[in-house]
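Here the structure is laid out as structure tokens; the discussion comes afterwards.
Computed from a predicted model, the values in this text were never measured in an experiment.
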Amino acid sequence: MPLLEHLLRKARAAGIRRIVFATSYRASMFTEAFGDGSRLGLELVYVTEDQPLGTAGAIRNAARELTCDADSPVVVLNGDILSGHDLAAQIMMHEKSGAAVTMHLTLVNDARRYGAVPTTSEGKVIEFVEKSPKPPTNQVNAGCYVFRRSAIEAIPEGRVVSVEYETFPGLLAAGETIMGYVEGAYWLDVGTPSTFVQGSCDLVLGRMTSPAVTPGGGVLFLNGSVVAPEAAVSGGTAVGAGAVVESGATVESSVLFDGAVVEQGARVSRSVIGRGARICAGAVLDETVIGDGAMVGAGNELRGGLRLWPGTQLPPTAVRFSSDV
């Protein structure tokens with residue numbers, strides 16, 4: 001949860017004190033991690049979607065727990081976006097402009113992979129351009145929005161609604177103002193295992209400053225983690241509470257969740273090891289995802305994006321990708 005803790009602390013630093021979590025799959029894990037928010041100086045409220053409602057539908061569903069008035073700003077943060085932009089400055093632009101929505105726009109080298117969002121010199125969004133071989137700008141939607149609450153209330157209830165394809169274009173068509181807060185600070189979509197690992201490592205290594213992480217030594221050891229003196233742990237690895245790395249093991253640029261065990265001589269790189277999972281002696285993992293409670297038997301070699309389902313018990317020397325490990 002370090003990435004979500006970063007978001008929560010970022011919100012608090014911008015002056016936000018009450019946050020509504022819009023959750024769905026495995027909703028209980030969020031309450032277990034953050035509780036009522038008092039540890040972070042926040043009030044946290046949880047709303048669960050019984051059925052996926054889309055990016056705008058989820059916002060509308062969570063709005064029933066909002067307590068502010070119709071003209072107040074409501075910040076919407078995406079849990080799979082890691083950003084170093086100035087949230088307080090984005091909120092300030094929104095309040096000064098009186099816009100229905102102020103969206104963070106980041107700058108990318110190649111906007112052909114994204115939908116481009118051109119703006120006027122004053123920052124008003126002109127249109128939303130689908131992926132194009134010749135995008136009109138390198139400004140793209142960075143996934144952090146400040147809504148006027150009344151604009152949220154106008155989103156239809158109880159059905160799937162897309163903020164990108166329905167809500168935003170609809171607001172422009174209705175003559176509402178959408179502002180673009182443009183800032184090219186660190187930005188990463190952590191929606192895949194590889195980018196999740198990259199984002200976690202960047203936080204630990206201090207490539208992006210965060211109130212949630214104090215960089216130091218290139219590794220993050222959470223409370224109760226045990227790393228043998230003869231183990232090699234590096235590259236921004238996060239070692240979860242109660243996790244164990246035994247003598248002779250090597251762990252590089254990876255995320256070990258709470259209670260994970262990497263036995264002696266095992267080598268783990270650029271991988272995610274789930275809660276309570278065990279990597280047995282001599283196993284080699286590179287760019288893999290190991291589910292909670294799974295076991296990778298001794299001598300296995302797993303590479304190239306392989307994912308092992310939670311609870312799976314892989315017997316010794318069952319899988320390998322090379323003639324010699």
Side-chain angles (χ1 to χ4, degrees), residues 1 3-4 7-8 10-11 16 18-31 33-34 37 42-83 87 90-91 94 99-106 113-117 125 127-131 140-181 187-192 195-196:
M1 292 290 181
L3 298 180
L4 281 178
L7 280 179
L8 295 176
K10 180 183 178 77
I16 296 167
R18 188 173 189 272
I19 293 177
V20 180
F21 260 96
T23 65
S24 181
Y25 175 67
R26 294 188 63 186
S28 62
M29 66 187 292
F30 301 102
T31 56
F34 301 113
L42 295 166
E43 178 189 354
L44 299 185
V45 179
Y46 300 87
V47 174
T48 302
E49 295 172 53
D50 296 325
Q51 298 292 331
L53 295 171
T55 49
I59 296 170
R60 183 65 181 89
N61 185 57
R64 65 178 185 263
E65 290 292 343
L66 295 177
T67 57
C68 57
D69 61 39
D71 293 324
S72 293
V74 177
V75 176
V76 177
L77 296 163
N78 278 296
D80 58 359
I81 297 294
L82 181 61
S83 173
L87 179 57
Q90 182 183 353
I91 296 170
H94 177 82
V101 180
T102 300
M103 56 194 305
H104 173 213
L105 304 178
T106 193
R113 296 171 48 211
Y114 306 89
V117 186
V125 172
E127 61 179 333
F128 296 91
V129 181
E130 298 295 329
K131 292 179 183 179
V140 301
N141 182 357
C144 174
Y145 316 123
V146 185
F147 274 82
R148 186 197 310 136
R149 182 177 177 177
S150 59
I152 293 177
E153 300 292 346
I155 298 171
E157 286 188 274
R159 69 170 176 86
V160 175
V161 187
S162 166
V163 72
E164 300 87 354
Y165 298 114
E166 185 172 346
T167 302
F168 290 161
L171 286 170
L172 283 185
E176 292 278 10
T177 296
I178 298 179
M179 297 296 292
Y181 173 76
W187 180 84
L188 183 68
D189 183 339
V190 294
T192 66
T195 55
F196 169 78

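- Rounded to the nearest 0.5 angstrom, Leu7 CG and Leu82 CG are separated by 7.5 Å.
- Every residue two or more places apart in sequence or in another chain was checked for a ring-ring contact (aromatic ring centres under 6.0 Å, His included) with His94, and none qualifies.
- In this structure, Thr102 OG1 and Tyr181 OH are separated by 11.0 Å, a value rounded to the nearest 0.5 Å.
- Phe21 contributes atom CZ, which lies 10.0 Å from atom OG1 of Thr31 (distance to the nearest 0.5 angstrom).
- Residues satisfying the side-chain contact (heavy atoms from CB on, under 4.5 Å) criterion with Val47, sequence neighbours excluded, are Val20, Asn61, Arg64, Glu65.
- Not a single side-chain hydrogen bond (donor to acceptor under 3.5 Å, both in side chains) links Thr177 to another residue, sequence neighbours left out.
- Screening residues 165-174 for side-chain hydrogen bond (donor to acceptor under 3.5 Å, both in side chains), with sequence neighbours left out, gives Arg159-Glu166.
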Side-chain donor-acceptor pairs under 3.5 Å in residues 150-157, sequence neighbours left out?
| from | atom 1 | to | atom 2 | distance (Å) |
| --- | --- | --- | --- | --- |
| Glu153 | OE1 | Arg60 | NH2 | 3.2 |
| Glu153 | OE2 | Arg149 | NE | 2.9 |
| Glu153 | OE2 | Arg149 | NH2 | 3.1 |
| Glu157 | OE1 | Arg60 | NH2 | 3.4 |

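- To the nearest 0.5 angstrom, Leu105 atom CG is 10.5 Å from Cys144 atom SG.
- Minimum heavy-atom separation, Glu49 to Ala58: OE2-CB, 3.1 Å.
- In this view, Asp69 and Asp71, Ser72 satisfy the side-chain contact (heavy atoms from CB on, under 4.5 Å) rule, not counting sequence neighbours.
- Taking every heavy atom of both residues into account, Gly79 and Leu4 meet most closely at CA-CD2, 3.9 Å.
- Residues that satisfy the salt bridge (Lys or Arg N to Asp or Glu O under 4.0 Å) test with Glu43, not counting sequence neighbours, are Arg18.
- Not counting sequence neighbours, the partners of Tyr145 by the ring-ring contact (aromatic ring centres under 6.0 Å, His included) test are Phe168.
- Taking the side-chain contact (heavy atoms from CB on, under 4.5 Å) definition, one finds that Leu42 meets it with Leu8, Arg12, Ile19, Leu40, Leu44, sequence neighbours left out.
- Taking Val140 as the reference, Thr106, Val108, Ala111, Tyr114 meet the side-chain contact (heavy atoms from CB on, under 4.5 Å) condition, with sequence neighbours excluded.
- Interatomic distance, CG of Asp189 versus OG1 of Thr195, reported as 6.0 Å (0.5 Å rounding).
- For the atom pair Phe147 CZ and Leu171 CG, the distance stands at 7.0 Å (nearest 0.5 Å).
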